[in-house]
2 protein chains.
Amino acid sequence: MQKDLFLKLIDMDRLIFGISELCKMAGVTPRQLRYWEQKGYIKARASEGNKAREYDANAMIKAVLIKHFLDEGYTLNVAVQKIQRYMANMKIIRSIIREHFVGIEEIDGELAVNLGYFDEAKRQILYVIVKDGRSSFKLVDASIGNN
Amino acid sequence: MQKDLFLKLIDMDRLIFGISELCKMAGVTPRQLRYWEQKGYIKARASEGNKAREYDANAMIKAVLIKHFLDEGYTLNVAVQKIQRYMANMKIIRSIIREHFVGIEEIDGELAVNLGYFDEAKRQILYVIVKDGRSSFKLVDASIGNN
DNA sequence: GGAATTTGTCAAGTAAGCTTACAATCATGT
DNA sequence: ACATGATTGTAAGCTTACTTGACAAATTCC
C-alpha cells in the first residue's frame, strides 16, 4: 500500500467531527462544548457565519480529557489546567504514528507492519508481525526486507 | 496516564462521524454514501426512522479507500472488491495500536511510549523515546522500567 | 450571602439530513 | 449503435439538527 494512502487512513489529524458526534464520544452536551469554545478552551473550525462547527482530533481529545477530569470532581478551570500535559503527549503520540507507520508489507506470507528503522546505523528495520491474530515485534535486516 | 483513558484517546474504533464530515474526509457526496449503503458496501448505524446516520472508523476507511480506487478509474463494483484486503489490514492496524500502545511514561526525564514486550521471555519492553521532537526506539529491561 | 461560573432551556431562524422520485451520465454487452 | 444496468445529480417535501441570544437554575468561590 502506498504510504500516502496509508497515512490517509491512520492519520488522526485528518479527522473531522460534528458537534453531535463529538458530544456522543466525549459524553458532554452541545451547550458545554459551545461554552468551552467561548472560554477559549476548545477551538472549532469553520464556524463562519451560521455554518455548523467542525472539530478536529485535537478538539476531540481535549473534550474527552476535560470531561474526564470534570467527572473526577475538578472544576472546569482546573480540568483545563490538568489536560495541558496530556495534550502535549497526545500530539506526540499522533506524530509517532504518522512517522513510524511506514507501511504494510508481507514477509514470509505474514502481515508485517513496517515501523521504520530500529537502528539506522545497523540498518535494522522494526516490524510488527501478525500471526494468528497475535502480533509480535521482529527486527529485519534492511537489505533483506522486501518493499 | 491510566490505560483506559489513554485508550479512549487513540482507539479509532470509538470514533463517530456524521455524513457531512465523512464526505469531507473522503471527498465524496452524501448521495454516493447513501447509494453505497443501499448496495451494502458501507454500513451506517442508527439510521432508524429519520435520524441522522452515524459512521464508524470502519466506514470512514471504506469510504476513503473506495474513493481512492474510483479516482484511479475503477468502477464502484471493482473498487469494492479491491478494498477487501486493505480493510482486513486496517482492522489489524487498529488492533495493534490498541494492543501495543500500553501507556505513556517518563524515563530519565524523557517521554517514553510503552509498546509492550519486545521479547516477553527476556522481559524486554520496547519503548519509543521522544527527544527534541524526534523519536527513536529503545529496549528497556522490565525490572528497571518505572510504571 | 453575594458574585462569578457553569450548564440547562427556550425561542426563532437557518442549514442540513432524510426519503422518494426522476433525470442524466457512464459502463457494459450485444 | 443500441439497449440495459449501474452510478450519481438534482429537486421536492418533510423532519431534524445547528446557531445565536437570552434568561434561569445550579454550582462554586470569596
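Here is how names work: the chains are called A, B, and so on, in the same order as the sequence lines, proteins then strands, and each is numbered from 1. Atom set for the values below is all heavy atoms of this structure, side chains included, hydrogens, waters and symmetry mates excluded.
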Using only side-chain N and O atoms of Thr75(B), determine if any of them is under 4.0 Å from OP1 or OP2 of dT7(D). no
Separation of dT6(C) atom P from Tyr74(A) atom OH, nearest Å, is 16 Å
Between atom CD in Gln32(B) and atom C1' in dA24(C), what is the gap in whole Å? 15 Å
Just how far, in rounded Å, is C1' of dA16(C) from CG of Leu33(B)? 15 Å
Any donor-acceptor pair under 3.5 Å from Lys62(A) side chain to Tyr41(A) backbone: yes
Send over the distance from Phe17(A) CZ to dC18(D) P, rounded to a whole Å. 15 Å
Taking only side-chain N and O atoms of Arg53(B), does any of them lie within less than 4.0 angstrom of OP1 or OP2 on dG17(C)? no
Whole-Å gap separating P (dT7(C)) and CD1 (Ile42(A)): 11 Å
Checking side-chain hydrogen bond (donor to acceptor under 3.5 Å, both in side chains) between Asn58(A) and each of Arg94(A), Lys43(A), Lys91(A), which is the one that passes? Arg94(A)
Non-hydrogen side-chain atoms of Leu139(A) and Ile125(A) separated by less than 4.5 Å: no
Can you work out whether Arg31(A) or Arg31(B) has the more 5'-proximal nearest nucleotide on DNA chain D? Arg31(B)
Grab the CG-P distance between Asn77(A) and dT27(D) for me, whole Å please. 19 Å
May I ask you to evaluate whether Arg34(B) reaches the phosphate of dC18(C), defined as a side-chain N or O under 4.0 Å from OP1 or OP2? yes
Any side-chain N or O of Trp36(B) below 4.0 angstrom from OP1/OP2 of dT7(D)? no
Can you tell me how far P of dA17(D) sits from CD1 of Ile19(B), to the nearest Å? 14 Å
Measuring to OP1 and OP2 of dT7(D), would you say a side-chain N or O of Lys39(B) lies under 4.0 angstrom away? yes
Among all residues two or more places apart in sequence or in another chain, which pass the salt bridge (Lys or Arg N to Asp or Glu O under 4.0 Å) test with Asp11(B)? Arg98(B)
Nearest-Å distance, CG (Leu76(B)) to P (dT7(D))? 5 Å
Between Tyr35(A) and dT6(C), does any side-chain N or O lie under 4.0 Å from OP1 or OP2? yes
Need to verify one output field. Residue with the more 5' nearest nucleotide on DNA chain C, Gly73(B) or Tyr55(B)? Tyr55(B)
Taking Glu110(B) for the side chain and Glu106(B) for the main chain, is one N or O donor matched with an acceptor at less than 3.5 Å? no
